[in-house]
Every structure is written in C-alpha cells, then in structure tokens.
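Chain naming here is simple, since letters A, B, ... match the order of the sequence lines and numbering starts at 1 in each.
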Protein chains: 2
Amino acid sequence: MLRGLTPAMPGGGAPGRPRPGLIPADPEGRRLVAKFFRALGDPTRLALLEFCASGERQGTECVRHVQLSQGRVATHLACLVTCGLLTVRREGRSALYSIRDPRELELLRLSQALVAEQAEEIASCTRVATSPG
Amino acid sequence: MLRGLTPAMPGGGAPGRPRPGLIPADPEGRRLVAKFFRALGDPTRLALLEFCASGERQGTECVRHVQLSQGRVATHLACLVTCGLLTVRREGRSALYSIRDPRELELLRLSQALVAEQAEEIASCTRVATSPG
DNA sequence: TGATATCATCCGCATATCCGAATAAGTGAT
DNA sequence: ATCACTTATTCGGATATGCGGATGATATCA
C-alpha cells in the first residue's frame, strides 16, 4: 500500500489559517490526484468515458465511436482502466469496458456545470506558458 | 456566447442505448471540459488551489508556499483564473487570489476519494503512450 | 525622480503527451 | 495448421506543457 494518500492535516500548517485538507499534503499524493485529472484531461478519453457510461462497451465499438486508430483507442482505454475510471472484463477475444464507480458521473456532472459557467474564459485560456490553444 | 456547451442529448445517438448526456456531445464542448481537467492536472496548481481554499492569498505568499520561481507561479495562477477556478482581486500592487466557487471543494473531495481507492493502480499507470511516470 | 515591491510576459530548453502505422499476441473457426 | 478477428505494444514524429531566468509593467514610498 502506498503511504500518505489520505488528505491529511498535519499539525504544522500555515500559521493562523485552517487547513481544509482536501488534497493530500505530501507531493506523492498530489501527483497522484494530478495524474487522475490528466486522465480526464483529454477529449477522446472523455468521449470514451461517456460512451461507456450508458453500458458495457466493446473495444471495437469504442474505436468506431471516437474514429481514431485502433491502437490509439486501446491505449486510451488502458489509461482509463489503470487510472481507475473504467473496469475491463474479458470475454473470448473481446474486452468489455464499463464505468468503475457511479460517482464518476457525479464528478463529470459537477465539472460540466462549473465549465459551463466559465466557458468563454476557459476557451481563452492559453494554459500555462505560451502555447497555441 | 459560445455554442453547444450544454450537455445536450440530440436525437441521433447510438441506437438502442440511452445517452447520459453528462458531457457536451460536440467536440468543442468536450475540448473545453478536457482543458478544465488539465488545469487541475498539475500538482503545483492543485497545491495552489488548496492553498487558496483556506482564504484569500497574495501572489507572493503563493510563491513562498510552492517554492517555484515567481514567474512560473504567476503563470500557474493565471491559468487557474482563466480556467474559472480562482478569482483575483487587485489591491495596490498585490493580487489576491481565492476560490471562485465552493463546489470546487466538493469536486476535489470527490476526486480525492476516488483516487484513494485506486492509488496503486494510478501510480502504476504509465499514462497514455509509453512515457516515464 | 529614483528605489523597491509585486506581478506579468517572453525566451530557450527538457520532458510529456498524442497520433497513425506497423507489428505482436491472443482467441475462435475452418 | 491456417486464417480471421480483436486487442495490446512499439516506433518515429509533431505538439503541448512545465521550468528557470531575464525582462517588462505598474504601484508605493522616500
């Protein structure tokens, strides 16, 4: 088991301010949460996630749905599985993907709501460091 | 106003399956949500977000907190602002950052819970395409 | 005006990420 | 065994992202 993955609120924080303790205080834990968000930070993976939200989906179905190369889609799906967003079940030569935890849908709904409120700002964000959007 | 940012559930979907409509169906909207998640997909920005969660924070405070160059931190903060996660208030020569919407905290809590359950899997994820972790 | 404090932007560089194409690996049917 | 079908992995190349350091811009104060 990996250590320090609880949000944790050690005694020695910033003086005079409460620590919300939403996110792990240790760099390792934060890196993990960041990785999780990066897994959600690709339009294709979001499309796959939503595609699987309506029921178990086969790999080939996914390839047809997102219209990318089979290899690329397989990698995206593997990423979603190892990041805990999808589960995979093998049956014969096919792989069947589905949402791992229904709370993911809540997460997506909430994010969508926040994004919708700030859509134009976000669209204008050149992100960190200068780079074409 | 940008178009097509509602989750939307157009009539012509996949046959025989309900469409959850969690995420915008159009590529533009999905790209926006993905961008939002990428903004959350950096450990430093997560640290800054949590830092500002306990109250208004000045830019210089943030620099001291995350221990990166001032320029880098300014860029991270700007990214968080334009992605709708922080708001900034100017006062004299200082910039004061705070959380824009309390629902962000719920988002972080929920994500943290999901990550904690799959920590080892996520840690082992080489992410998409081969790349050192 | 000149010095200092604070924040924003630009530069070059290193790494991460995404992509298609090719190829490997496993399953099932003939 | 051989072939077809599905999934997984590797490769080279293009773009995105993060970093420090230098520089620019603005506000405050002597």
Strictly below 4.0 Å: does Arg38(A) bring a side-chain N or O up to OP1 or OP2 of dT17(C)? yes

Using a heavy-atom cut-off of under 4.0 Å over every strand shown, decide if Ser69(A) touches base, sugar-phosphate, or nothing. base

Please give, in whole Å, the distance from dT17(D) P to Lys35(A) NZ? 18 Å

Taking only the side-chain nitrogens and oxygens of His76(B), find out if one of them lies under 4.0 Å from OP1 or OP2 of dT17(D). no

Of Gly92(A) and Leu96(B), the one whose closest DNA chain C nucleotide lies more 5': Leu96(B)

Charged N to carboxylate O below 4.0 Å: is that the case for Glu117(A) and Arg103(B)? yes

My understanding is that only one of Glu56(A), Glu50(A), Arg57(A) makes a side chain to side chain contact (heavy atoms under 4.5 Å, CB included) with Ser54(A); could you say which? Arg57(A)

Distance, rounded to the nearest Å, where Asp42(B) contributes CG and dT15(C) contributes P: 17 Å

Considering just the side-chain nitrogens and oxygens of Thr60(B), establish if one lies under 4.0 Å of OP1 or OP2 belonging to dC7(C). yes

Whole-Å distance, Gln58(A) CD to dT27(C) P, equals 15 Å

Charged N to carboxylate O below 4.0 Å: is that the case for Glu28(A) and Arg31(A)? yes

Which residue, Arg93(A) or Tyr97(B), contacts DNA chain C at a nucleotide closer to its 5' end, judged by nearest heavy atom? Tyr97(B)

Can you tell me how far C1' of dT6(D) sits from NE2 of His65(A), to the nearest Å? 19 Å

Could you see if Leu110(B) belongs to whatever hydrophobic cluster contains Val115(B)? Use Ile, Leu, Val, Met, Phe, Trp, Tyr and a side-chain cutoff under 4.5 Å. yes

Give a yes/no on whether any side-chain N or O of Thr44(B) is located under 4.0 angstrom from OP1 or OP2 of dC19(D). yes

Please report, rounded to the nearest Å, how far the P atom of dT7(D) is from the CG atom of Leu86(A). 14 Å

Interatomic distance, Arg45(A) CZ vs dT17(C) C1' [rounded to whole Å]: 8 Å

Whole-Å distance separating the CZ atom of Phe37(A) from the P atom of dA16(C): 21 Å

Could you tell me whether Leu68(B) contacts a base, only the sugar-phosphate backbone, or nothing, with contacts defined as non-hydrogen atoms closer than 4.0 Å? sugar-phosphate

Assess whether a salt bridge exists between Arg109(A) and Glu106(A), defined as any Lys/Arg side-chain N lying under 4.0 Å from an Asp/Glu carboxylate O. no

With a 4.0 Å limit, can you tell me whether Gln70(B) has a side-chain N or O closer than that to the phosphate oxygens OP1/OP2 of dA22(D)? no

To the nearest Å, give me how far apart CZ (Arg72(A)) and P (dT17(C)) are. 12 Å

Respond yes when some side-chain nitrogen or oxygen of Arg90(B) is under 4.0 Å from OP1 or OP2 of dA8(C), and no when none is. yes

